[in-house]
Amino acid sequence: MANLSEEEENYVRLALLLKGVTPRAVHTFFDEEFLPSTLSSTLKKSYNTLSDLKLQRIINQAQWNLLIPRNGVPDSKTFDVTLMVCLIRHLTPISSPINGFDSLPLPVEITPGSDLARIKFYRNRLAHHDSNTIDTAYFNTAWKDISDAVGRLGDKTLDHECQQLKVKILDQSNQEIILEIKHSIKEIKH
């Protein structure tokens, strides 16, 4: 097996962090804001707001089907990061970062809203990244920003997982890793 360069390894690690760990941190925070036992009734009470978000194309049809299922009740386990962040932004009194949810928050901003915006920013950045490499300086900055946000939004288990992932020996073949990342990036773009 050929070894990955440091820049390729940075890319793989960051993609695995953003695709594998951050969704669970966002989900942990989401379930604190929208208790699973009351999620259905909360969404029903917010039907008009959700309908407006759909009309504005902030929520797409696939997301709408998860929120308002024809059979059964909504389950946050089926929600992706984009949908959870959207619901938190629009249905809770969460504070917006100084420069809004669509920019990288300042390092001193450590509120839940800032952490969600931080994760969203890096996920979007990776989704639109042109190569399979990331320079080490950017990687270290992004890793710290993201893993700190995960620690604040999630729990100690996820924080520990971030630390382990940063030094874990990548034992899959390079081809499998790159294919997995490309698939993950496609999911992030959608």
Side-chain angles (χ1 to χ4, degrees), residues 12 14-97 100-102 111-129 146-147 149-162 165 172 176-190:
V12 169
L14 197 59
L16 291 172
L17 176 66
L18 288 167
K19 180 63 181 148
V21 182
T22 61
R24 289 182 281 139
V26 173
H27 192 263
T28 298
F29 182 78
F30 182 88
D31 281 351
E32 290 173 4
E33 293 294 311
F34 299 92
L35 297 175
S37 60
T38 61
L39 178 62
S40 183
S41 63
T42 300
L43 294 175
K44 283 179 185 172
K45 289 178 196 170
S46 303
Y47 183 87
N48 290 338
T49 301
L50 295 172
S51 185
D52 288 344
L53 292 171
K54 185 175 181 241
L55 286 172
Q56 296 169 36
R57 297 179 184 215
I58 294 170
I59 292 177
N60 64 36
Q61 187 61 48
Q63 293 168 324
W64 180 261
N65 293 344
L66 296 173
L67 296 171
I68 315 292
R70 292 183 191 261
N71 300 317
V73 295
D75 182 355
S76 67
K77 291 182 186 109
T78 65
F79 298 174
D80 65 6
V81 170
T82 303
L83 181 55
M84 288 186 286
V85 171
C86 175
L87 295 175
I88 292 167
R89 280 179 65 177
H90 295 283
L91 301 181
T92 73
I94 195 163
S95 298
S96 172
F101 280 98
D102 297 323
T111 64
S114 297
D115 285 336
L116 292 170
R118 193 169 278 113
I119 288 170
K120 179 180 174 245
F121 175 86
Y122 284 112
R123 283 174 57 91
N124 288 341
R125 191 67 124 17
L126 188 70
H128 298 287
H129 191 70
I146 298 163
S147 61
V150 164
R152 289 187 292 265
L153 292 172
D155 57 31
K156 290 190 185 294
T157 304
L158 292 175
D159 186 43
H160 180 71
E161 193 172 331
C162 291
L165 180 58
Q172 291 176 304
E176 289 173 349
I177 292 169
I178 298 302
L179 288 174
E180 182 180 332
I181 299 307
K182 285 181 179 178
H183 177 72
S184 297
I185 297 306
K186 285 179 186 174
E187 286 182 18
I188 291 172
K189 283 182 180 180
H190 290 300

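Excluded from the calculations below are hydrogen atoms, water molecules and symmetry mates; all remaining heavy atoms, backbone and side chain alike, are included.
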Novice: Starting from the C-alpha separation in whole Å, work towards a yes-or-no answer on side-chain contact (heavy atoms from CB on, under 4.5 Å) for V85 and F30.
Specialist: CA-CA 8 Å; V85 171; F30 182 88; over 6 Å; no

Novice: Distance alone, cut at 3.5 Å: any donor-acceptor contact between the side chains of S114 and T111?
Specialist: yes

Novice: Could you state the interatomic distance from CG (L66) to OG1 (T78), rounded to the nearest 0.5 Å?
Specialist: 4.5 Å

Novice: Run the salt-bridge test on D115 and R118 with the 4.0 Å N-O cut-off and return the result as yes or no.
Specialist: yes

Novice: Are side-chain heavy atoms of L91 and L43 found at a separation under 4.5 Å?
Specialist: yes

Novice: Which heavy atom of H90 sits nearest to which heavy atom of T49, and what is that distance?
Specialist: O-CG2, 4.2 Å

Novice: Donor-acceptor pair, distance only, cut-off 3.5 Å: does the side chain of D80 make one with the backbone of L83?
Specialist: yes

Novice: Could you check I68 against Y47 for side-chain contact (heavy atoms from CB on, under 4.5 Å), going step by step and ending with a plain yes or no?
Specialist: CA-CA 9 Å; I68 315 292; Y47 183 87; 4.1 Å; yes

Novice: Given the rule in the side-chain contact (heavy atoms from CB on, under 4.5 Å) test, do T92 and L87 qualify, once you have shown the distances and angles that lead to the verdict?
Specialist: CA-CA 8 Å; T92 73; L87 295 175; over 6 Å; no

Novice: Just how far is it from atom CG of L67 to atom CG of L50, taken to the nearest 0.5 Å?
Specialist: 5.5 Å

Novice: Charged N to carboxylate O below 4.0 Å: is that the case for D159 and R152?
Specialist: no

Novice: With a 3.5 Å cut-off and no angle check, do the side chains of H27 and S76 form a donor-acceptor pair?
Specialist: yes

Novice: May I have all residue pairs that pass salt bridge (charged side-chain N to carboxylate O under 4.0 Å, His left out) and include part of residues 42-60, sequence neighbours excluded?
Specialist: none

Novice: Out of T157, L153, L158, which residue meets the side chain to side chain contact (heavy atoms under 4.5 Å, CB included) rule with T28?
Specialist: L158

Novice: Decide yes or no on side-chain contact (heavy atoms from CB on, under 4.5 Å) for M84 and E33, but give the supporting numbers first.
Specialist: CA-CA 10 Å; M84 288 186 286; E33 293 294 311; over 6 Å; no

Novice: Shortest non-hydrogen contact from I58 to C86?
Specialist: CG2-SG, 3.7 Å

Novice: Can you name the nearest heavy-atom pair linking P23 to V81, along with the distance?
Specialist: CA-CG2, 3.5 Å

Novice: Looking at W64 versus F79, is the centre-to-centre ring distance below 6.0 Å?
Specialist: no

Novice: For a quick test of reading the model, state the closest non-hydrogen atom pair linking C162 to S147 and the distance between them.
Specialist: CB-CB, 3.8 Å

Novice: Going by heavy atoms in the side chains, are V21 and I146 under 4.5 Å from each other?
Specialist: no

Novice: State the CG-CZ distance between D102 and F121, to the nearest 0.5 angstrom.
Specialist: 11.0 Å

Novice: How close do L18 and I119 get, heavy atom to heavy atom, and via which atoms?
Specialist: CD2-O, 4.4 Å

Novice: Would you say the side-chain atoms of E32 pair up with the backbone N or O of F29, donor to acceptor, closer than 3.5 Å?
Specialist: no

Novice: What are the two closest non-hydrogen atoms of K120 and F101, and how far apart are they?
Specialist: NZ-O, 3.6 Å

